[in-house]
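Beneath this line is the structure, given in C-alpha cells, with notes to follow.
Numbers restart at 1 for each chain; the letters A, B, ... are given by sequence-line order, proteins then strands.
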Amino acid sequence: MEALLSVWYGRHGRDLPWRTTRDPYAILVSEVMAQQTQVERVVPRWERWLERWPTADALAAASPGEVITEWQGLGYNRRALNLHRAAQHIAAHGWPDDLTELPGVGRYTADAVACFAFGRDVLPEDVNVRRVTDRTGATFSPAAAQALMDLGATVCLARIPRCGICPLAEGCPSRGRRYEPLRKQGPLEGSFRQRRAQALRAVVAGEQPSDEEAVTALARDGLVHVRDGLVSLPSAP
DNA sequence: GTCCCGTGTG
DNA sequence: CACACGGGAC
C-alpha cells in the first residue's frame with residue numbers, strides 16, 4: 001500500500017513550503033497554524049510570520065499583543081498565546097527532550113516536529129493519518145507521513161470519502177462507505193465563541209469592545225488585560 | 001445551517 | 001470524559 005501511496009503523493013501531494021525545511025521552529029509554527037486552518041490559507045501567513053519572527057528567540061522577544069495581532073484570522077486565539085509561550089520556553093531553556101512540555105504542544109504536534117525537524121522515526125498521527133490507517137487496515141512507515149496527511153485531507157475525507165480517486169481503493173475494506181459526523185456542534189453564528197473572537201478583534205483594532213461577558217472570558221485566558229474598565233492587549237511578556 | 005481539527009481544562 | 005475554542009469547508 002505504501003508504494004501506491006508514494007506514487008500518488010508524487011502526482012497529487014500538496015506543495016507546502018514548510019516541507020522543504022528542517023528548522024524545528026519553522027515546523028512548529030506551521031503545525032500550530034495548520035491544526036485548525038486549511039493549509040492553503042496558512043501558507044502566506046506562515047511566510048509573513050517567519051519574516052517577522054524568523055527564530056524562537058525573535059518570537060519570544062515580541063509582546064503577546066503583537067503576536068495576537070499577527071495571528072488574527074488563523075482561528076483559536078489561545079493557540080497564538082501558547083505558541084508565544086512555547087517560544088519563550090525554547091529561548092530560555094532550549095528545545096526540551098519531551099516536546100509536550102511546550103504549551104499547546106500535545107502528542108501529535110510533538111511527533112510532527114520530532115519526525116519532520118529532528119528526523120526521529122515516529123509517525124505523527126493526526127486524524128487524517130488515523131482515518132487512512134483505520135479504513136485501509138494497512139500500516140505505514142514514518143516516511144509516508146506527508147502522503148498520509150494529504151490523502152486524508154483531500155481524498156479519504158471524514159464523512160464522504162472520495163474512493164473514486166483514491167490510490168488505495170482497490171483492496172480497501174472500507175471502500176464506498178460513508179460515515180456519521182464524529183461530533184455534534186451548534187452554529188457558530190451568534191455563539192459565544194464568535195462573540196469572543198469579535199471582542200478580541202475590536203481590541204486589536206484599538207476599540208473598546210461592548211461585550212463584557214466576552215471580555216471576561218478573554219481576560220481569563222490572558223488574551224486581554226482589563227484595568228480601570230479599559231481593555232487592552234497584553235503588553236508584558 | 002453544521003462539521004472539522006488538536007489541545008487544555010473542568 | 002465532555003466540552004471550549006474560530007472560521008472556512010462542506
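- Atom CZ in A/R183 sits about 14 Å away from atom P in C/dC5, given to the nearest Å.
- A/Y108 comes within 4.0 angstrom of the backbone, heavy atoms only, and of no base.
- In this model, the phosphate group of B/dC4 is not approached by any side-chain N or O of A/R131 to a distance below 4.0 Å at OP1 or OP2.
- What separates CZ of A/R41 from C1' of C/dG7 is a distance of 7 Å, to the nearest Å.
- The nearest whole Å value for the distance from the CD atom in A/Q36 to the P atom in C/dC5 is 14 Å.
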Fill in: Full working for side chain to side chain donor-acceptor pair (under 3.5 Å) between A/N82 and A/R79
CA-CA 5 Å; A/N82 281 335; A/R79 293 182 184 280; over 6 Å; no
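- Side-chain proximity of A/N82 to the nucleotides B/dG8, B/dG6, C/dC5 is greatest for B/dG8.
- Nucleic acid contact for A/R220: none, since no nucleic acid atom lies under 4.0 Å from a heavy atom of the residue.
- B/dG8 atom P lies 11 Å from atom CZ of A/R85, rounded to whole Å.
- Closest approach of A/T21 and A/D23 over heavy atoms only: OG1-N, 3.0 Å.
- A/R130 comes within 4.0 angstrom of nothing in the nucleic acid, heavy atoms only.
- Among the atoms of the strands shown, none is found under 4.0 Å from any heavy atom of A/V32.
- Each of A/L59 and A/L223 belongs to its own hydrophobic cluster when Ile, Leu, Val, Met, Phe, Trp and Tyr are linked at side-chain heavy-atom distances under 4.5 angstrom.
- Note on A/L74: nothing from the nucleic acid sits closer than 4.0 angstrom, heavy atoms only.
- Distances were taken from every side-chain heavy atom of A/R79 (C-beta onward) to each of C/dG7, B/dG6, C/dC5; the shortest belongs to B/dG6.
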Worksheet item: A/R48 and A/E70: salt bridge (charged side-chain N to carboxylate O under 4.0 Å, His left out), yes or no, with the steps?
Response: CA-CA 9 Å; A/R48 262 180 54 137; A/E70 184 69 42; 2.8 Å; yes
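- Across the protein-nucleic acid pair, A/L182 atom CG and C/dA9 atom C1' stand 16 Å apart, rounded to whole Å.
- Among A/D221, A/N77, A/T216, the one residue that satisfies the side chain to side chain donor-acceptor pair (under 3.5 Å) test with A/R196 is A/D221.
- The interatomic distance linking A/L188 (CG) with C/dA9 (P) rounds to 14 Å, in whole Å.
- When rounded to the nearest whole Å, the span between CD1 of A/I68 and P of C/dC5 equals 15 Å.
- Ranking B/dC4, B/dT7, C/dC5 by closeness to the A/T109 side chain, first place goes to B/dT7.
- Here the closest non-hydrogen pair linking A/P142 and A/V122 is CB-O, 3.4 Å.
- Counting non-hydrogen atoms under 4.0 angstrom, A/R107 reaches the backbone sugars and phosphates but no base.
- No contact: A/T37 has no heavy atom under 4.0 Å from any strand.
- Judged by closest nucleotide on DNA chain C, A/A217 is the one of A/A217 and A/Q38 placed further toward the 5' end.
- Summarising the geometry, the separation between CZ on A/R159 and P on C/dA9 is reported as 14 Å, rounded to the nearest angstrom.
- Base contact: A/P187 has a heavy atom under 4.0 Å from a base atom.
- If you check every strand for non-hydrogen atoms under 4.0 Å, A/N128 touches sugar and phosphate atoms only.
- Phosphate contact (OP1/OP2 of C/dC5, side-chain N/O of A/R196, threshold under 4.0 Å): present.
- In the set B/dC3, B/dG6, C/dC10, B/dC3 carries the atom at the smallest distance from any side-chain atom of A/Q185.
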